[in-house]
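Just below is one structure, and these are the notes that go with it.
First listed ligand is number 1; within each ligand, the first listed atom is number 1.
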Amino acid sequence: RPRVLSGIQPTADSFHFGNYLGALRQWVDLQEEHQPFFFIADQHAITVEQDPRLLRERTLRAAAQLLAMGVDPERSAIFVQSQVPAHAQLSWVLQCLTGFGEARRMTQFKDKSAKNGEGAASVGLFTYPVLQAADILLYRPHFVPVGEDQRQHLELTRDLAQRFNHRYKKTFRLPEPYILKATAKITDLQEPRAKMSKSASSPAGIIELLDEPKVSAKKVRSAVTDSGSEIRFDPEGKPGISNLLTIYSALTARPVADLEAEYDGRGYGALKTDLADVVVEFVTPFRDTTLELLDDQTHLTEVLRRGAEQAGAIAEATLRDVYQRVGFVAAA
Ligand code: TYM
């Protein structure tokens with residue numbers, strides 16, 4: 001079975017609809033016919049300062065959310081990045097193959113370091129994409145399900161794989177990004193041209209999966225819409241309405257064209273009210289299940305331990321090949 005791998009950072013109390021529709025839903029779907037590796041990227045999280053107590057708590061909340069949405073430990077290895085040391089170990093080797101200028105071209109570093117200046121950013125933030133390449137290449141996956149914002153990191157990953165294969169010996173598979181066009185970039189409800197993101201200036205624009213359902217409904221009903229009153233999918237001209245149509249269509253599996261027809265002439269209010277109901281119906285059971293799972297931390301940590309064991313076996317085998325090929329002497 002083809003392999004898939006993906007990761008998510010535990011940097012918020014809850015995942016949001018961008019994470020879910022852009023990536024996590026595909027994790028769940030791809031389990032059926034693939035061999036999946038899914039992890040919580042706590043080492044990526046510390047590239048910016050994190051409160052240790054919160055990081056630990058959010059890592060477990062992330063695990064609970066993954067299980068609640070249907071990531072199944074019987075089919076998928078679910079694990080925490082820091083529990084598989086091979087990620088950091090391969091990252092070092094790949095850093096030595098990455099050009100300084102090449103790393104500097106990563107737009108996420110430019111964006112994230114812009115606020116306080118490059119000098120204040122950590123070196124970890126700079127080499128973040130190389131750790132991500134290591135995460136991926138260790139498992140030799142065929143596909144990496146992510147949102148559009150990860151495309152550049154996937155390109156670097158392929159470049160590094162190719163460079164290693166060429167310089168030493170064919171070791172890595174070149175992974176394909178698995179990005180669903182319809183939901184590749186879910187946007188902020190208050191700033192519909194910007195991506196929905198946990199670092200947004202206002203929480204009103206982000207629908208969090210673990211928000212009180214009432215709160216989510218209110219956010220949907222208060223979403224910024226565009227001038228005019230026509231309900232039409234047009235991301236350039238009508239980014240607000242188009243984003244709502246995208247979310248509506250993704251949650252109900254109804255084609256956008258059907259929704260356009262149904263709401264034709266009925267105004268923005270009707271669309272928002274109905275979408276609020278659809279969102280509430282989705283988040284209510286999800287939230288209940290997540291909170292239940294969080295009550296049994298022994299079970300969660302056990303799932304993660306088993307996941308790390310499965311993933312670690314694969315990752316260490318790749319790392320052994322790499323160490324041998326670069327000329328490290330194996331321990332006797
Ligand atoms: P992260 O934690 O920021 O986001 C997790 C996933 O959610 C997707 N996503 C979105 N998709 C559509 N619209 C949005 N508004 C939106 N916001 C977030 C992201 O594209 C991502 O797929 N660097 C990664 C974590 C990572 C990783 C990896 C991913 C570390 N190692 C290896 C894949 C493979 C990140 O920060 O994702």
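- Between Y128 and H153, the angle of the ring planes lies from 30° to 60°, which puts this pair in the tilted group.
- Aromatic ring orientation, F126 versus F109: perpendicular (interplanar angle above 60°, classes split at 30° and 60°).
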Quick check for students: name every N or O atom pair between ligand 1 and the protein closer than 3.5 Å, with distances.
residue, atom, partner, partner atom, Å
ligand 1, 2 (O), Q9, N, 2.9
ligand 1, 2 (O), K198, NZ, 3.4
ligand 1, 4 (O), N19, ND2, 3.4
ligand 1, 7 (O), N19, ND2, 3.2
ligand 1, 11 (N), G18, O, 3.2
ligand 1, 13 (N), I186, N, 2.9
ligand 1, 15 (N), I186, O, 2.8
ligand 1, 15 (N), M196, N, 3.4
ligand 1, 15 (N), M196, O, 2.9
ligand 1, 20 (O), G147, N, 2.8
ligand 1, 20 (O), D149, OD1, 2.4
ligand 1, 22 (O), G147, N, 3.2
ligand 1, 23 (N), Y128, OH, 2.7
ligand 1, 23 (N), Q132, OE1, 2.9
ligand 1, 23 (N), Q150, OE1, 3.1
ligand 1, 31 (N), D135, OD2, 2.6
ligand 1, 36 (O), Q9, NE2, 2.9
ligand 1, 36 (O), Y128, OH, 2.8

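- Ring geometry, F79 versus Y139: the interplanar angle falls from 30° to 60°, so the pair is classed tilted.
- Test K112, K195, K185 against D149 for salt bridge (Lys or Arg N to Asp or Glu O under 4.0 Å) and you get one pass: K195.
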In residues 323-332, what donor-acceptor pairs under 3.5 Å come from side-chain atoms, sequence neighbours left out?
residue, atom, partner, partner atom, Å
R325, NH1, K170, O, 3.3
R325, NH1, T171, OG1, 2.8

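- Inter-residue side-chain proximity for H44 and Q81 is flagged as met; some heavy-atom pair is nearer than 4.5 Å.
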